[in-house]
Number of protein chains: 2
Amino acid sequence: MAFGNYIRKLREEKQLLLREVASQMSIDTALLSKIERGTRIARKEQVEDLAEALNESENELLKLWMADKIVKMIKDESNSTEILKKAEEEIKNLTNKKQQL
Amino acid sequence: MAFGNYIRKLREEKQLLLREVASQMSIDTALLSKIERGTRIARKEQVEDLAEALNESENELLKLWMADKIVKMIKDESNSTEILKKAEEEIKNLTNKKQQL
DNA sequence: TTACATTAGACAGATATTGACAAGTCAAAA
DNA sequence: TTTTGACTTGTCAATATCTGTCTAATGTAA
């Protein structure tokens with residue numbers, strides 16, 4: 001599930017209003033609405049605030065948020081899976097190099 | 001291999017000078033140098049021009065270029081692999097949804 | 001209707017990206 | 001050693017993108 005849908009689901013489960021959560025995040029209700037609907041991308045800071053406001057794991061939310069950004073970036077490419085595979089390969093290489101230090 | 005290193009290798013194999021390739025791309029030599037060294041990210045247009053100038057597959061270069069952007073985005077995260085896995089999962093979901101249309 | 005939650009659009013200000021220029025390093029040739 | 005040519009680096013103005021808010025609109029239940 002996309003990041004926006006996920007946090008909306010969390011918010012609704014907790015029976016919180018947009019304005020309540022947005023207020024805790026110190027942003028406008030409209031902005032949170034857009035983030036939940038996926039028409040605006042949250043900033044890292046805002047994801048952290050969200051985790052706090054929704055009492056959820058910050059790491060988990062950040063993970064979903066980053067994955068979401070990647071998806072938005074390549075979802076329209078015909079070879080998106082190959083791109084991810086290549087990225088994974090590169091990450092592995094980097095990790096190995098780091099360990100050698 | 002990162003995108004920049006890769007295109008530098010290609011250029012050197014073909015014995016082309018920065019200024020020759022840059023000229024074909026209608027950009028400054030300095031900019032191409034930075035792209036090859038990874039201190040600047042090429043624009044999509046420039047990757048296309050590069051493919052032309054180096055006589056390489058545009059799709060392949062674009063793939064590497066996108067993978068590179070993803071790597072730059074998450075390489076410093078401790079859970080980068082998990083992030084990629086999640087992204088892959090989402091992409092699969094999207095693909096399935098599309099097929100249902 | 002009224003009240004309240006949510007959403008859409010438009011805007012100005014903040015931030016980031018872009019490409020070029022000039023000055024720099026470096027190595028090989030003269 | 002000077003010169004030459006390839007490449008690199010730092011800086012900067014112009015441009016493009018992003019940010020958050022405001023206002024107005026939509027939807028919905030009482």
Side-chain angles (χ1 to χ4, degrees), chain A residues 1-54 61-62 64-77, chain B residues 1-54 61-62 64-77:
Chain A
M1 185 188 289
F3 178 75
N5 289 334
Y6 183 65
I7 61 173
R8 166 150 296 187
K9 189 173 123 268
L10 289 177
R11 180 175 62 79
E12 288 176 343
E13 278 171 8
K14 293 163 201 285
Q15 314 219 34
L16 298 168
L17 298 176
L18 272 180
R19 103 178 119 70
E20 295 173 316
V21 175
S23 159
Q24 272 204 69
M25 297 170 65
S26 311
I27 61 173
D28 195 294
T29 311
L31 179 50
L32 180 54
S33 166
K34 285 165 191 163
I35 290 170
E36 287 187 348
R37 300 176 54 75
T39 62
R40 276 290 179 95
I41 297 176
R43 294 156 38 120
K44 186 169 190 176
E45 238 178 50
Q46 291 166 340
V47 178
E48 290 160 2
D49 290 347
L50 254 178
E52 169 93 32
L54 296 175
L61 281 194
L62 283 172
L64 297 179
W65 168 73
M66 286 215 173
D68 207 55
K69 292 215 290 184
I70 292 175
V71 169
K72 279 190 167 67
M73 185 171 163
I74 63 172
K75 68 175 172 4
D76 292 325
E77 300 298 322
Chain B
M1 185 187 289
F3 178 76
N5 289 334
Y6 182 65
I7 61 172
R8 165 149 297 188
K9 190 175 123 267
L10 289 177
R11 178 175 63 79
E12 289 176 341
E13 278 171 7
K14 291 163 203 285
Q15 312 219 38
L16 298 169
L17 298 177
L18 272 181
R19 95 177 123 72
E20 295 174 316
V21 176
S23 160
Q24 273 204 68
M25 296 171 64
S26 313
I27 61 172
D28 195 299
T29 310
L31 180 50
L32 181 53
S33 166
K34 284 167 189 163
I35 290 170
E36 286 189 348
R37 301 175 56 73
T39 62
R40 274 290 180 96
I41 297 176
R43 293 154 35 115
K44 186 169 190 176
E45 222 180 64
Q46 292 165 340
V47 178
E48 291 160 2
D49 291 347
L50 254 178
E52 169 94 30
L54 295 176
L61 282 194
L62 283 172
L64 297 179
W65 168 73
M66 286 215 176
D68 207 55
K69 291 214 292 186
I70 292 174
V71 169
K72 279 190 166 68
M73 185 172 162
I74 63 173
K75 69 175 175 359
D76 292 325
E77 300 298 321

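Letters A, B, ... are given to chains in the order of the sequence lines, protein chains preceding strands, and every chain is numbered from 1. Everything numeric here is computed off the predicted structure, so don't read it as measured data.
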Enquirer: Taking C-beta and beyond as the side chain, do Arg8(A) and Leu18(A) meet within less than 4.5 Å on heavy atoms?
Expert: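 Yes, their side chains come closer than 4.5 Å.
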Enquirer: Using whole Å, what does the distance between atom P of nucleotide dA24(D) and atom CG of Asp28(A) come to?
Expert: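 Nearest whole value for this atom pair: 14 Å.
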Enquirer: Regarding Glu20(B), tell me which of base, sugar-phosphate or nothing describes its non-hydrogen contacts under 4.0 Å with the strands shown.
Expert: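 Answer is nothing: Glu20(B) stays at 4.0 Å or more from every strand.
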Enquirer: Calculate the interatomic distance between Ile35(B) atom CD1 and dT8(D) atom C1'; express it in whole Å.
Expert: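 To the nearest whole Å, that distance equals 14 Å.
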Enquirer: What is the distance, to the nearest angstrom, from the CE atom on Met25(B) to the P atom on dG19(C)?
Expert: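 These atoms are roughly 9 Å apart.
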Enquirer: Taking Trp65(B) for its side chain and Val47(B) for its backbone only, find out whether a donor-acceptor pair lies under 3.5 Å.
Expert: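 Not a single qualifying donor-acceptor pair exists.
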Enquirer: Has the side chain of Glu77(A) got a donor or acceptor atom that lies under 3.5 Å from a matching backbone atom of Ile74(A)?
Expert: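 Judged by distance alone, no pair lies under 3.5 Å.
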Enquirer: Is the base of dG5(D) touched by the side chain of Arg19(B) through a donor-acceptor pair closer than 3.5 angstrom?
Expert: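 No, no donor-acceptor pair under 3.5 Å.
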Enquirer: Between dA3(C) atom P and Leu17(A) atom CG, what is the distance in whole Å?
Expert: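 Result: 18 Å.
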Enquirer: Distance check needed: dT25(C) P versus Arg37(B) CZ, whole Å only.
Expert: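 These atoms are roughly 15 Å apart.
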Enquirer: Rounded to whole angstrom units, what separation is found between the CD1 atom of Ile41(A) and the C1' atom of dA16(C)?
Expert: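 Spelled out: CD1 on Ile41(A) to C1' on dA16(C) is 15 Å.
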Enquirer: Test your reading of the model: is there a side-chain donor-acceptor pair from Arg19(B) to the backbone of Thr29(B), 3.5 Å cut-off?
Expert: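 Not a single qualifying donor-acceptor pair exists.
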Enquirer: At under 4.0 Å, does any side-chain N or O of Arg43(A) touch on OP1 or OP2 of dT15(C)?
Expert: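 No, Arg43(A) has no side-chain N/O under 4.0 Å of OP1/OP2 on dT15(C).
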Enquirer: Using whole Å, what does the distance between atom P of nucleotide dC7(D) and atom CD of Glu36(B) come to?
Expert: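 That distance rounds to 8 Å.
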Enquirer: Does a nitrogen or oxygen in the side chain of Arg8(A) sit under 4.0 Å from OP1 or OP2 of dT6(C)?
Expert: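 Checking Arg8(A) against dT6(C): no side-chain N or O falls below 4.0 Å of OP1 or OP2.
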Enquirer: Scan Ile27(A) against the nucleic acid and name what it touches under 4.0 Å (heavy atoms): base, sugar-phosphate only, or nothing.
Expert: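 Sugar-phosphate: the residue Ile27(A), judged by heavy atoms under 4.0 Å, touches backbone atoms but no base.
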Enquirer: So which nucleotide from dT6(C), dT9(D), dC7(D) ends up closest to the side chain of Leu18(A)?
Expert: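 Given the options dT6(C), dT9(D), dC7(D), the side chain of Leu18(A) is closest to dT6(C).
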Enquirer: Go through the N and O atoms of the side chain of Lys34(A) and the base of dG9(C), and report whether any donor-acceptor pair is under 3.5 Å.
Expert: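 Under the 3.5 Å cut-off, the side chain and the base do form a donor-acceptor pair.
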Enquirer: Could you tell me whether the phosphate oxygens of dT19(D), OP1 or OP2, come under 4.0 Å of any side-chain nitrogen or oxygen in Gln46(A)?
Expert: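 Result: no.
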Enquirer: Indicate yes or no: at least one non-hydrogen side-chain atom of Leu31(B) is less than 4.5 angstrom from one of Met25(B).
Expert: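 In short, these two side chains do not touch, never coming nearer than 4.5 Å.
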Enquirer: Separation of Leu32(B) atom CG from dT18(C) atom C1', in whole Å?
Expert: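 Atom-to-atom, Leu32(B) to dT18(C), this comes out as 15 Å.
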Enquirer: If you look at every strand shown and take non-hydrogen atoms under 4.0 Å, does Arg40(B) touch a base, only sugar-phosphate, or nothing?
Expert: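 Base: the residue Arg40(B), judged by heavy atoms under 4.0 Å, touches a nucleobase.
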